[in-house]
Asks: 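One structure is given below, represented as structure tokens, and several questions about it will come after.
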Amino acid sequence: MGTDSVRHFVIPTFGSVLLITALILGGMLYTANGDSSRDSLVTQMLINAIIVLGIQIYVGNTGVLSFGHIGFGGIAGYTFAVCAIAPGRKMLQIPDAPFGLAEVDLTPLQSGMVAVALTVAVAFFVSLALSRAGARSGAVSAVVITLALLFVVHEVARNWTDLTRGGKIGLSFSPFDGATLQGKNWIYVLLLCAILLARLFKETRIGRFAQAAREDDLAARTMGINPAIQQMAALLISVAVVSAGSALRVFELGSINPRLFFFDYTLLTLTMLIVGGRNGVTGALVGVVIITFGSEFTRKLAEMEIDSLSWILREGLTDIFLGGAMLGFMILRPAGVLRDWEFDHWLLDRLRRCKKNKAPEQQSDVKKQSLKAAKTVCAPAVLKVDGVTVNFGGFRALKNVNITASADEIVGLIGPNGAGKTTLLNVITGLVKSDSGRIHLAEMNLSGMPPSQIARSGLVRTFQNFRLFSNLSVRENIEAVHLMAGQYRSARSLPDVDALLRQVGLWEFQILRAAALDYGNARRLELARAAAAAPDFLLLDEPTSGMDDKESMAMIDQVRTMADMVGSGVICIDHDLNFITGICDLVYVLDQGRVIASGTPVEISANPAVKAAYLGTATNVS
Amino acid sequence: MMELIQQIVDGLGRGSIYALLALGIAVIFGVMHLVNFAHGELITVSAYTSYWLLTSGFDWWLVTLAIILVAALTSVVIEFVAFRWVRGAPDFTMLMTSFGVHFLVQALFVMYVSANFRQFSRPDWIFDTWKIGAISLEIYDLAVIATTLITLLCTYWLLQHTMFGISLRAAAEDFDAARLMGIRSNRVIRGAFFLSGLLAGVAAVFWLMRSGQAGPIAGLNPMLKGVLAALIGGLGSLSGAVLGGFVLGLVEVLLIARLPTEIVGLTDGIVFVLIALLFVFRPQGLITVQHVERV
Amino acid sequence: MVNRIRPAFIEKERGSMKQSVLLTMFGGLSAFLMLGTAHAGSFNIDAVLATSLSACKAAPSGTPLKIGYAADFSDLGGFADKPASEAAKYFVDLVNCAGGVDGSPIKLIIKNIEGNPEVTQRVGLELMDAGVSAMLGPPFPDFGEPLLQVTAGKIATLFVTSTEPMLANSKALSYLVAFDDTAQATAAAKFALSKGWKTAVTFSAPGPYFGYNPKIFSKVFKAGGGTIAADYNFVPIDDMDFSTQANKMASVGSAPDVVYSAMLSFQAAVLRGQLDAAGVKTNYLVTDAFEATGGYFTKGVEGFYHTTHSFPAAGSRVKALADGYQATIGAPLENASFGGLAVDAIAVIISAFQSTGSMDPKILGAAIAKTDGVEGATSNLSYSGASGSPAKPVFVHRVVNGAPTLAATIQ
Amino acid sequence: MVDEILNVENLNTRYGSIRAIRRVGLTVKAGEIVCLIGPNGAGKTTLLATVAGLLNPVLGRVVFNAKDITGWSPDRVLRSGLSLVPEHRRIFGNFTVRENLLVGGVTQSPEHRENLLDEMLTLFPVLKEKLSTPAGYLSGGEAQQLAIGRALMSNPNMLLMDEPSLGLAPVLVDVVFDLILKLRDTGRTLLVVEQNAQRILDVADRAYVMRSGKIVVEGAASELAGREDLFDTYLGGSGVAA
């Protein structure tokens with residue numbers, strides 16, 4: 001636990017503090033010549049950084065592209081302005097403000113808090129709508145709903161003139177009462193909060209779940225993660241940060257109008273986020289710095305008067321830079337400069353390496369934890385598939401399938417291609433609805449439950465074509481599921497992440513991106529990831545496909561030890577009869593959607609019907 | 001009753017243009033899975049083309065042809081310059097690419113033409129009307145509706161009965177299978193952009209006849225309407241896009257006519273709320289396109 | 001007197017290179033003669049406008065009077081600030097060519113705010129750091145307000161082409177150069193009443209300008225005995241189909257005497273076309289948006305009245321400016337009214353400088369509020385008594401045969 | 001060798017970061033039926049996809065009709081006379097049967113396309129009755145015939161078939177295998193990936209057995225069909241000496 005909190009809390013916090021220190025020092029260096037416009041540029045950049053980090057919390061972790069965050073910023077900005085502008089000035093600007101808002105007189109701090117609270121409340125309803133519409137990475141519905149929010153806020157701001165004074169003009173603080181920020185302390189404090197929130201959110205359970213769902217929505221759900229809740233939480237936190245940043249922006253500009261939080265700013269902030277790398281906090285900050293100084297540089301360039309270059313050094317150059325940056329990065333490096341590289345990860349890595357040089361790491365012997373002993377106290381759970389039938393259109397994929405498996409045995413499921421094995425697994429894990437029949441685990445009826453709940457009840461699967469969380473590291477893949485188990489399966493003793501990693505031989509590769517694994521290791525990671533859920537049953541879909549004989553045989557051991565470690569039963573689809581006979585206590589044979597035989601592996605290999613089904617002879621059972 | 005009929009006619013006139021724009025967006029979405037937010041730039045380019053031609057004394061008939069051609073060519077050029085490099089990339093990447101194109105084209109016009117609106121003259125018949133009882137039919141509306149119907153029929157014929165159309169639809173349904181049949185991906189995508197540009201060109205002709213002005217952001221509004229209509233229709237579905245266009249036109253007209261004056265300004269906002277609600281309860285749009293995910 | 005004749009002369013002679021060279025020589029001579037008669041140290045706008053850049057006096061040696069221009073060249077404000085800044089540059093060249101102001105040359109620093117409020121503030125700060133004594137501002141309050149936050153009453157800002165009354169605040173040293181919308185709409189209503197029109201229909205959109213003008217118009221029109229039959233809503237810039245509103249108006253039966261709106265010309269032309277088609281024959285009175293979009297030559301606006309900043313009558317300073325610009329630069333000034341307003345702004349700053357003799361932004365800025373009868377290009381301007389909006393006439397144009405004619409000048 | 005129509009040498013293909021086939025080599029002679037059998041995940045489909053141009057190999061070459069077609073795009077491969085009937089058929093469900101066939105003939109001249117269409121309808125009488133039915137409504141057998149007919153519309157010299165009998169009722173499996181023989185009789189070369197090993201060995205001339213991305217056994221089909229140990233080999237036995 002100690003090393004965990006170091007990795008997930010202490011080092012990221014330390015890294016965040018270093019990052020903000022670097023930003024502030026860099027800013028001071030840049031403004032050292034006393035140029036007030038440089039000073040203003042740095043202030044604006046830091047405020048933009050807060051807003052971009054806010055967006056990063058949602059877009060980065062969930063992978064859902066949102067155009068609506070600046071809309072939330074607009075709500076926050078107006079709320080802040082209406083609350084914070086002195087009543088005397090409001091009487092000039094919006095004397096007819098509804099609800100007596102013209103008389104409200106709050107300090108900027110209070111106004112900011114009101115703005116954040118109100119916006120988060122709005123965000124709550126938006127998040128309900130988003131989850132109803134099935135927002136997930138790449139979903140068009142999320143883009144539409146968030147875009148709608150942006151436009152609606154803009155339209156309301158333009159039309160509700162009693163409150164907002166309408167388009168083109170908006171509300172403004174008096175330029176004399178020192179409305180602009182006194183010193184930058186507030187910005188520093190808020191920026192530090194934003195960095196910490198964004199960085200630590202990535203490490204929280206919610207953040208991890210959201211990232212898992214970002215990488216593979218379906219796999220996450222079958223691992224017991226319900227993305228809707230994580231997305232909701234991410235949205236609320238991110239909107240809170242964006243709102244605080246937007247209030248600061250309004251305070252710094254001393255005025256607000258509908259254009260301030262509309263399309264241009266949305267695209268600007270998104271460009272900043274994308275250029276640096278949307279999945280990382282360091283990336284987001286680097287993007288803000290690149291775009292800020294890039295456009296400032298092009299602006300200065302455009303002001304230069306060089307006759308031979310006047311065809312390019314002219315108005316519009318900054319927009320060319322922004323559009324070009326967007327286009328160029330999308331084409332050449334869509335994941336951004338830094339992808340999801342984090343400064344503190346790198347730091348931790350360095351520290352580790354130093355330590356290693358000083359004192360060689362003691363070779364830890366993995367004690368194979370056996371949880372089975374603890375489990376035998378109660379009777380092993382039984383999974384019962386009872387008369388399941390599935391039709392796809394006119395095609396009957398499963399016909400009245402009955403299968404029983406006990407959590408202390410390993411059950412094989414074999415049959416030729418197209419026999420319905422994977423479909424059966426899909427039905428058990430809730431991905432496919434059965435037309436009739438029931439599935440019971442112990443006394444629980446699982447039929448009709450969503451996949452995430454089935455996984456939490458103790459059935460976790462692997463996939464024939466891997467569905468790893470490909471941009472997360474090997475370790476993070478396991479950790480995400482392990483966290484789920486910690487939350488929902490705490491009644492069981494949970495396997496240790498380190499032990500799992502060592503067991504499947506991935507200890508060396510733990511910081512590698514899952515996408516970089518080779519075939520065999522990817523299969524083993526899938527196995528370890530499923531085991532991390534501490535399930536009652538591991539459902540394995542072709543765990544040895546694509547492996548050579550040696551690897552397949554090693555897999556027998558690995559599956560056994562895994563099942564042993566977490567104390568679960570196994571249901572396993574495979575083609576490799578050596579594997580199946582080597583590992584299974586009981587085998588069911590499926591052909592054309594029905595169970596044609598069951599028995600011990602020895603019985604099965606002797607059964608002519610099985611051979612017929614496999615190799616397809618004239619004696620095909622029909 | 002008469003009022004309602006009048007509004008339906010007005011709505012169909014509006015919706016026709018939206019339908020053409022939406023169809024162009026849906027065609028590209030079909031083959032590339034790209035929501036083309038740069039579709040409006042075709043209108044912008046058309047607008048400047050008409051400005052230059054009309055102020056140099058060319059006739060509207062000629063300008064009409066030129067607009068359609070220029071829009072189609074621009075569409076192909078944009079594909080060649082930008083979208084061809086992000087083919088097959090995640091939706092996020094393609095979406096942001098289209099915004100990048102939108103940004104760049106706009107900036108180029110600010111840089112090299114002018115930030116100002118440019119005006120050009122409309123054709124003479126544009127405001128003529130026929131009266132039938134209490135209903136006044138604008139020739140323009142009739143022309144729009146008729147042209148749109150003819151264009152849609154031609155497009156339908158093209159898609160249903162020519163090898164190009166069949167290839168396009170095949171690519172939209174299963175890109176890899178289409179390639180296995182010998183359909184050239186370059187050619188079919190370029191074709192889709194060309195067709196999309198033609199449709200945008202026809203829409204641009206009518207849009208510009210009425211607006212009579214060119215500016216760097218002349219394409220923003222038509223783009224938004226087109227994207228919204230395509231979204232209402234369900235993006236992947238071509239007939240859905242056309243339907244979406246007409247629905248959007250009708251809803252707008254009815255809202256403008258029926259809302260109390262104080263909140264008529266919110267028409268666009270209300271349309272957006274309606275679309276958001278549609279997506280909350282029917283995320284696939286009005287017409288659902290099946291995409292099966294294999295596990 | 002000479003320069004009164006000059007514009008007509010230019011009209012006649014335009015097109016021939018040789019003659020235009022002769023012309024500039026003549027212009028230089030006449031300017032020289034005029035300055036010779038003028039009181040030394042004084043500033044005469046007519047003389048300056050008649051100066052030829054090919055025959056300059058010795059460069060003034062005094063400390064330059066620095067004027068900043070936070071101009072918007074983006075797609076939002078470029079239509080106004082592009083021609084205005086061109087005219088400003090040209091005018092400053094003329095002033096310096098004619099010997100500057102009280103021995104000081106004028107230095108104009110133009111910076112692009114890029115249609116971005118953040119950049120606007122930085123540009124404001126950069127101009128102040130550069131030591132300008134006053135600055136010209138962008139056309140719209142959405143950038144004007146952020147600019148005022150950084151100038152914070154320390155330096156005068158003259159919004160060249162804005163008509164937004166809320167921007168005028170002499171306490172914050174924030175001034176308009178054009179008349180404000182209150183004056184513009186009041187003049188429109190007075191003009192409508194003077195034409196004997198009794199009923200009006202307005203088209204408006206919520207907010208400033210598009211909403212504010214019709215609001216003031218209605219108030220004054222009703223006070224003068226007129227009736228507002230209806231107010232219709234429209235979406236500024238984007239709306240291209242008014243058939244719904246047109247059919248509604250047609251169903252009322254009697255057409256109003258006048259339709260008043262602040263909509264842009266290409267929209268107004270559509271509205272008019274559809275109203276004509278629906279059988280509603282009426283008069284159209286619209287704001288200065290016409291020249292903002294240069295829409296005289298479209299057929300749909302024939303007969304329109306509109307309120308605007310200047311009229312390039314023969315012999316007027318605006319005409320002198322436009323003609324001089326064309327003769328010197330070789331291309332027409334894209335918008336003479338906006339150009340004229342920029343010249344007005346510089347003239348006001350010069351006048352305040354001359355009255356105080358100080359280049360200190362605070363002293364100079366405060367002096368503007370007390371200036372009276374400054375001779376500008378569009379008209380004379382007076383700030384005393386007003387809170388930052390100048391008192392100046394509103395010109396009402398009427399489009400006849402595709403060209404503007406002066407229908408009235410309302411003080 | 002004149003009669004070698006397809007020659008795959010030392011082919012390696014990655015699927016994402018995973019090496020799905022390793023050092024695969026095989027040859028097919030003109031007029032032959034060659035089958036490729038092996039367990040799921042052995043890399044059979046990957047091999048066909050690489051030959052057809054859907055995947056790019058990291059190493060090795062594919063020679064077809066004496067032309068090196070390695071790395072060609074699928075449409076170019078098709079134009080050179082090699083057509084793939086993909087796994088799960090991948091027919092265009094929203095298209096009519098006729099349109100599906102027409103898409104298959106996209107590389108042909110219009111007249112030739114019509115001729116081929118007639119030819120297909122005589123070859124597949126079932127399709128004739130359903131010409132204007134949306135292909136999504138066809139039964140499994142009809143759909144498989146359509147998929148084969150569609151591939152034949154490009155008039156290929158050689159046909160690659162991926163699991164043609166998958167998911168078909170036994171009666172229809174017979175139809176498909178009859179068809180395979182019939183196609184050979186029309187002079188076409190076939191490379192068939194098939195789950196139903198016994199059946200395909202009956203009709204094929206030669207066979208390759210794949211496991212774990214490699215070819216483990218190769219030989220005359222009749223010889224392999226008679227081998228009792230095939231069942232074990234196929235299902236993961238330690239392998240029979242080739």
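Labels below follow one simple rule: chain letters A, B, ... track the order of the sequence lines, proteins then strands, and each chain is numbered from 1.
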Asks: Check the side chains of B:Asn186 and B:Arg87 for a donor-acceptor pair under 3.5 angstrom, ignoring hydrogens and angles.
Replies: yes
Asks: At a 4.5 Å cut-off on heavy atoms, which part of B:Val273 comes close to chain A: side chain, backbone, both, or neither?
Replies: both
Asks: Where on B:Phe281 is there a heavy atom nearer than 4.5 Å to chain A: the side chain, the backbone, both, or neither?
Replies: both
Asks: Checking B:Leu108 against chain A: side chain, backbone, both or neither under 4.5 Å from a heavy atom?
Replies: both
Asks: In terms of side-chain heavy atoms, does A:Asp541 have a donor or acceptor partner in A:Thr422 at a distance below 3.5 Å?
Replies: yes
Asks: Is it the side chain or the backbone of B:Val227 that comes within 4.5 Å of chain A heavy atoms, both, or neither?
Replies: neither
Asks: Would you kindly say whether A:Asn471 and A:Arg339 are connected by a side-chain donor-acceptor distance under 3.5 Å?
Replies: no
Asks: Under 4.5 Å heavy-atom distance to chain B, tell me which part of A:Arg158 shows up: side chain, backbone, both or neither.
Replies: neither
Asks: Given heavy-atom pairs under 4.5 angstrom as the criterion, report whether the side chain, backbone, both or neither of A:Val59 touches chain B.
Replies: side chain
Asks: Using a 4.5 angstrom heavy-atom cutoff, name the option from A:Thr146, A:Leu267, A:Asp319, A:Leu149 with the most pairs to chain B.
Replies: A:Leu267
Asks: Tell me whether A:Gln231 contacts the main-chain N or O of A:Thr62 through its side chain, where contact means a donor paired with an acceptor under 3.5 Å.
Replies: no
Asks: Report the relative orientation of the aromatic rings in B:Tyr48 and B:Phe109; use parallel for angles under 30°, tilted for 30 to 60°, perpendicular for over 60°.
Replies: parallel
Asks: Considering only heavy atoms and a distance below 4.5 Å, find which of B:Leu224, B:Val35, B:Leu277 pairs most often with chain A.
Replies: B:Leu224
Asks: Report the C-alpha distance between B:Phe246 and B:Tyr18 in whole Å, list the side-chain angles of each, state the deciding distance to 0.1 Å, and finish with yes or no for ring pair (Phe, Tyr, Trp, His ring centres under 6.0 Å).
Replies: CA-CA 7 Å; B:Phe246 286 114; B:Tyr18 298 167; 9.6 Å; no
Asks: Taking atom CZ of A:Phe125 as the centre, does the number of heavy atoms from other residues, nucleotides or ligands within less than 6.0 Å exceed 12?
Replies: no
Asks: What part of B:Leu95 gets closer than 4.5 Å to chain A, counting heavy atoms only: side chain, backbone, both or neither?
Replies: side chain
Asks: Tell me if the centroids of the rings in A:Phe263 and B:Phe103 come within less than 6.0 Å of each other.
Replies: no
Asks: Around atom CZ of B:Arg187, are there more than 12 heavy atoms of other residues, nucleotides or ligands at under 6.0 Å?
Replies: no
Asks: Counting heavy-atom pairs under 4.5 Å with chain A, which one of B:Val110, B:Val271, B:Thr97 comes out on top?
Replies: B:Thr97
Asks: Identify which of A:Leu130, A:Leu425, A:Val152, A:Val153 forms the greatest number of heavy-atom pairs closer than 4.5 Å to chain B.
Replies: A:Val152
Asks: Check whether A:Met330 gets within reach of chain B through its side chain, its backbone, both or neither, counting any heavy atom under 4.5 Å.
Replies: both
Asks: So which part of A:Leu332 gets closer than 4.5 Å to some heavy atom of chain B, the side chain, the backbone, both or neither?
Replies: neither
